[in-house]
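Both ligands and their constituent atoms are indexed starting at 1 by order of listing. Sequential numbering from 1 along the given sequence is applied to the chain's residues.
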Amino acid sequence: MAYLGNPKETIAILQKYNFNFQKKFGQNFLIDTHVLDKIIDNAHITGDDFVLEIGPGIGTMTQYLCERARKVAAVEIDKNLIPILEHTLSEYNNIEIIHNDILKMDIAALVREKNGGMPIKVAANLPYYITTPIIMELFESHVPIDSITIMVQKEVADRMQALPGSKDYGALSLAVQYYAKPEIVANVPPNCFMPRPKVGSAVIRLCRYENPPVYVEDEKLMFQVIRASFNQRRKTLANGLSNSGDIHLDKELIQECIQSLGVSAAVRGETLTLQQFATLSNIIKSKI
Ligand code: SAM
């Protein structure tokens, strides 16, 4: 079977199977070998690894993954792609094609069953509509993961990597940076895909921390504090927190908690670091 990561082979497969792209599944297939090499090299996959690929499409990246990894499980939602994958990946005996919606799967159970609960690597050219939910699910459900190397919208990659004070900084930046070290490894223009998406993309590698970089007594509370701070971006942090339905403290007490961080009670949430959000949530926890 020829490698698929170019327009000629991709079109040949699509025509052979009379495949129609489904917009609702975010189908933009990669047709550039340089980009594929970049993803694979940055995913640091070795012959010991179990790789979960989300949305294999026609199997373009899956071919590369199968050649490097010990075992690959590829989860694809579109039933019309399953016979295509069975054909394009027929030469590999280390692939398992799973027809399912990744958002409905118990990924921790999959890892227990298929990899004895040992950490896996995740690689994907993600459908844009599931980027944030799938990343949060992978982190929050404590699936054992070593790293996630994914193609996402450029704007989303920038948000994951953003630091305080930047316009891109927000709840997603803090959530990602609590669990992993993000690094954008490539910017990818629309012409590397078929069909072309409207926006630019980027490959980002999220290298999971063994232990989070900050100490948090109650993760759920910290994320409530973070969400409340960014929900009302143009308000002060004190107003954001006291308007939140999740944090049951009156405004004066909230102002005191903020001041004990050593910052003004009139500060905006977007200026606080992850460490400050962790400390603030620990202080709030001690008052409720
Ligand atoms: N990996 C292929 C490539 O790079 O050419 C395809 C990438 S395309 C951006 C996204 C793929 O994810 C499509 O094949 C799409 O059908 C699949 N997909 C979309 N939603 C999904 C879901 N909820 N669960 C599993 N796969 C999904």
Side-chain angles (χ1 to χ4, degrees), residues 1-14 17 19-43 45 51-69 72-89 92 95-107 110 121-138 143 148-154 156-157 185-186 188-204:
M1 180 71 224
Y3 286 113
L4 297 163
N6 59 71
K8 188 170 158 257
E9 296 298 337
T10 299
I11 290 169
I13 285 288
L14 297 177
Y17 285 86
F19 178 77
N20 291 315
F21 287 100
Q22 298 234 42
K23 219 171 171 184
K24 67 175 178 191
F25 292 145
Q27 291 173 337
N28 301 97
F29 298 161
L30 260 170
I31 48 164
D32 186 301
T33 46
H34 298 293
V35 177
L36 283 158
D37 286 336
K38 199 98 200 178
I39 301 176
I40 298 295
D41 289 346
N42 281 288
I45 292 160
V51 178
L52 170 66
E53 186 188 7
I54 300 165
I58 58 171
T60 308
M61 187 158 81
T62 328
Q63 293 179 322
Y64 284 65
L65 294 172
C66 287
E67 286 183 7
R68 300 258 182 124
V72 180
V75 178
E76 175 56 60
I77 197 170
D78 185 349
K79 70 172 182 340
N80 294 328
L81 287 168
I82 304 301
I84 301 184
L85 287 165
E86 280 163 0
H87 169 59
T88 60
L89 302 172
Y92 302 101
I95 175 75
E96 181 166 350
I97 301 161
I98 301 171
H99 176 216
N100 208 337
D101 177 347
I102 190 75
L103 294 175
K104 296 197 176 134
M105 287 179 73
D106 180 344
I107 304 171
L110 177 91
K121 289 183 175 156
V122 176
N125 168 15
L126 278 186
Y128 295 145
Y129 78 105
I130 64 167
T131 305
T132 306
I134 190 62
I135 289 174
M136 294 326 296
E137 168 65 19
L138 289 170
V143 176
I148 303 178
T149 309
I150 41 170
M151 175 90 69
V152 299
Q153 265 174 288
K154 166 86 176 97
V156 176
V185 294
V188 183
N191 62 2
C192 295
F193 301 90
M194 184 184 291
R196 290 183 187 200
K198 289 202 179 68
V199 295
S201 305
V203 179
I204 189 164

Top protein contact for atom 5 (O) of ligand 1, by heavy-atom distance: L30 N, 2.8 Å

Residue K38 excluded, over 12 heavy atoms near NZ under 6.0 Å: no

Per-residue contact class, M151 against ligand 1 - non-hydrogen pairs under 4.0 Å: neither

Distance from atom 12 (O) of ligand 1 to nearest protein heavy atom, with residue and atom: G55 CA, 3.1 Å

P56, portion touching ligand 1 at heavy-atom distance under 4.0 Å: backbone

Residues D41 and R68 bridged, charged N to O under 4.0 Å: yes

Closest approach of any protein heavy atom to atom 23 (N) of ligand 1, naming residue and atom: D101 OD1, 2.8 Å

Heteroatom proximity flag, I130 to ligand 1, N/O under 3.5 Å: no

For ligand 1, the portion of N100 having any non-hydrogen atom under 4.0 Å away: backbone

Within-shell test, Y129 vs ligand 1, heavy atom, strictly < 4.0 Å: yes

Nearest-contact summary for atom 4 (O) of ligand 1 - protein heavy atom, Å: N125 ND2, 2.8 Å

Test item: side-chain donor near acceptor, E67 and Y92, under 3.5 Å: yes

Contact (N/O only, under 3.5 Å) between I102 and ligand 1: yes

Whether T62 lies under 4.0 Å from ligand 1, heavy atom: no

Ligand 1 contact by E76, heavy-atom criterion under 4.0 angstrom: yes

Polar contact flag, side-chain donor to acceptor under 3.5 angstrom, S201-Q153: no

Sub-4.0 Å heavy-atom approach of I54 to ligand 1: no

Q27-ligand 1 polar pair, N/O distance under 3.5 Å: yes

Atom 21 (C) of ligand 1: the protein heavy-atom neighbour that sits closest, reported with distance to 0.1 Å: I77 CG2, 3.5 Å

Nitrogen or oxygen of L126 less than 3.5 angstrom from that of ligand 1: no

E53 heavy atom under 4.0 Å from ligand 1: yes

Check: Y3 ring centre within less than 6.0 Å of Y64 ring centre: yes

